[in-house]
A.B. asks: 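Below you will find the structure I want to go over with you.
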Amino acid sequence: MSPDQMPEAVQERYKNALDSALQAGLDTLEGGGSSLDAVVRVIMYLEDHPLFNAGKGAVFTSDGKNELDASVMTGHDLNAGAVAGVTDIKNPILAARAVMEQSGHVMLAGRGASLFAEAVGLELVDPAYFFTERRFESLRRIREMEKHGTVGCVALDRAGNLCAGTSTGGISNKRYGRVGDSPIIGAGTYANNRTCGVSATGQGEYFIRWTVAHDISALMEYKEMDVESAAKKVVLEKLVEAGGEGGVVCLDALGRPAMVTNTSGMFRAYGNSEGERMVAIF
Ligand code: ASP
């Protein structure tokens, strides 16, 4: 991913979508919503947006299907929920939240996740919802540029509670049944009010093996590193040595962000109640 490979108009489309997602999150928090509400709202927006590799815009498995993963974690109680390998839940992040709040479990996969989602009243769609030939063709070129389109969000609310969530279609051409880091707590998602919230994107196999999201939190907890140094240590040193590509968005318990990637770009945005705001790709 480089600025000269991505036409201005495409960059603008991404930036506008990121800005709208950010606004949805800020509105939620300003209205007194929890960090969990904000994270879910932002991720839903991005899941419904065909530009991103989550929900509607999910990438395809090697057999031309879409299998989605998502997770969410709240930092005040270390509660978490996730779904993996789902094919017919319109908004996997809602299912992840429902697993956390209503199932007594942390992760549900495949058909079991769908049956649970249906039972709690979530919208199921025909798997064809995630596949539109016209959109597939028109987005094919964009997707080629964008290997890591997973969406994620971390928020801190007025009560001082952190929440992190992640949603993805996984990696293009993945094997049937492959599950990445995104639904795995400690790998693709982590939140702890004592340290930070983390959402990751990249080659999931590395993020699982290096327990990336929890590692950042652990460096803060045990080595008393700040969020930026901890994220850099893991993403720019440990992952690079391992050969794993990707990045993270993090927020510490005081609301300080760290958005670090070892790739040439990462779609990202940040805003706070003081009016600071940024949207960036490279
Ligand atoms: N981390 C995701 C996965 O491995 C993919 C991505 O972030 O692009 O499933």
Side-chain angles (χ1 to χ4, degrees), residues 1 6 14 17-18 21 39 42-43 46-47 49-63 65-73 82-87 89 92-93 95-96 107 109-110 113 130 139-140 142-154 164-190 197-216 231 234-235 238-240 242-250 259-269 281:
M1 192 157 83
M6 189 178 285
Y14 275 107
L18 287 169
V39 163
V42 167
I43 292 181
L46 296 166
E47 285 179 340
H49 203 298
L51 272 185
F52 299 92
N53 174 21
K56 182 67 187 158
V59 295
F60 293 80
T61 60
S62 57
D63 54 352
K65 307 260 172 56
N66 308 95
E67 290 176 19
L68 316 173
D69 301 330
S71 67
V72 70
M73 182 169 190
V83 291
V86 299
T87 56
I89 299 175
I93 195 67
M107 188 190 288
F130 301 107
L139 288 172
R140 191 172 52 83
I142 293 170
R143 292 233 183 85
E144 276 166 8
M145 290 182 235
E146 179 219 324
K147 289 204 188 98
H148 309 303
T150 292
V151 307
C153 178
V154 187
T166 311
S167 181
T168 189
I171 52 174
S172 273
N173 207 27
K174 67 185 181 181
R175 190 179 273 273
Y176 170 62
R178 177 265 189 190
V179 174
D181 60 314
S182 306
I184 297 180
I185 298 305
T189 302
Y190 197 71
V198 182
S199 173
T201 179
Q203 294 169 307
E205 284 68 12
Y206 287 89
F207 283 69
I208 295 170
R209 291 164 61 209
W210 271 264
T211 55
V212 165
H214 181 262
D215 203 23
I216 293 171
V234 175
V235 174
K238 296 177 80 170
L239 270 182
V240 169
E245 287 190 351
V248 293
V249 292
C250 318
M259 299 191 270
V260 180
T261 183
N262 62 32
T263 60
S264 53
M266 179 170 73
F267 302 103
R268 60 199 186 278
I281 302 177

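In this text the structure is predicted, and so the values were computed from the model without any measurement. As the structure lists them, so they are numbered: ligands from 1, and atoms in each ligand from 1. Residue numbers start at 1 and run along the sequence shown.
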A.B. asks: At a 4.0 Å cut-off, with the gap strictly under it, does some heavy atom of Arg178 reach an atom of ligand 1?
C.D. replies: yes
A.B. asks: For residues Ser167 and Glu47, is any side-chain donor paired with an opposing acceptor at under 3.5 Å?
C.D. replies: yes
A.B. asks: Tell me whether Asp181 has any N or O atom under 3.5 angstrom from an N or O of ligand 1.
C.D. replies: yes
A.B. asks: Using distance alone, with no hydrogens and no angle criterion, decide if Thr168 and Thr150 have a side-chain donor and acceptor under 3.5 Å apart.
C.D. replies: yes
A.B. asks: Between Gly169, Gly202, Gly204, flag the one that comes closest to atom 2 (C) of ligand 1 by a heavy atom.
C.D. replies: Gly202
A.B. asks: Under 3.5 Å, side chain of Asp181 to main-chain N/O of Tyr206, donor-acceptor pair present?
C.D. replies: no
A.B. asks: Hey, which atoms in ligand 1 end up nearer than 4.0 Å to a heavy atom of Thr201?
C.D. replies: 6 (C), 7 (O), 8 (O)
A.B. asks: Which atoms of ligand 1 sit under 4.0 Å from any heavy atom of Ile171?
C.D. replies: 4 (O), 5 (C)
A.B. asks: Below 4.0 angstrom from a heavy atom of Ser182, which ligand 1 atoms are there? Numbered from 1 as shown, please.
C.D. replies: 1 (N), 2 (C)
A.B. asks: So, is Thr150 polar-close to ligand 1, with some N/O to N/O distance under 3.5 Å?
C.D. replies: yes
A.B. asks: Is Glu205 salt-bridged to Lys174, going by a charged N under 4.0 Å from an acidic O?
C.D. replies: no
A.B. asks: Quick one: does Asn53's side chain have a donor or acceptor within less than 3.5 Å of a partner on Gly170's backbone?
C.D. replies: yes
A.B. asks: Hey, does Gly188 sit under 4.0 Å from ligand 1 if you only count heavy atoms?
C.D. replies: no
A.B. asks: Keeping Thr211 on the side-chain end and Ala187 on the backbone end, is there a donor-acceptor pair under 3.5 Å?
C.D. replies: no
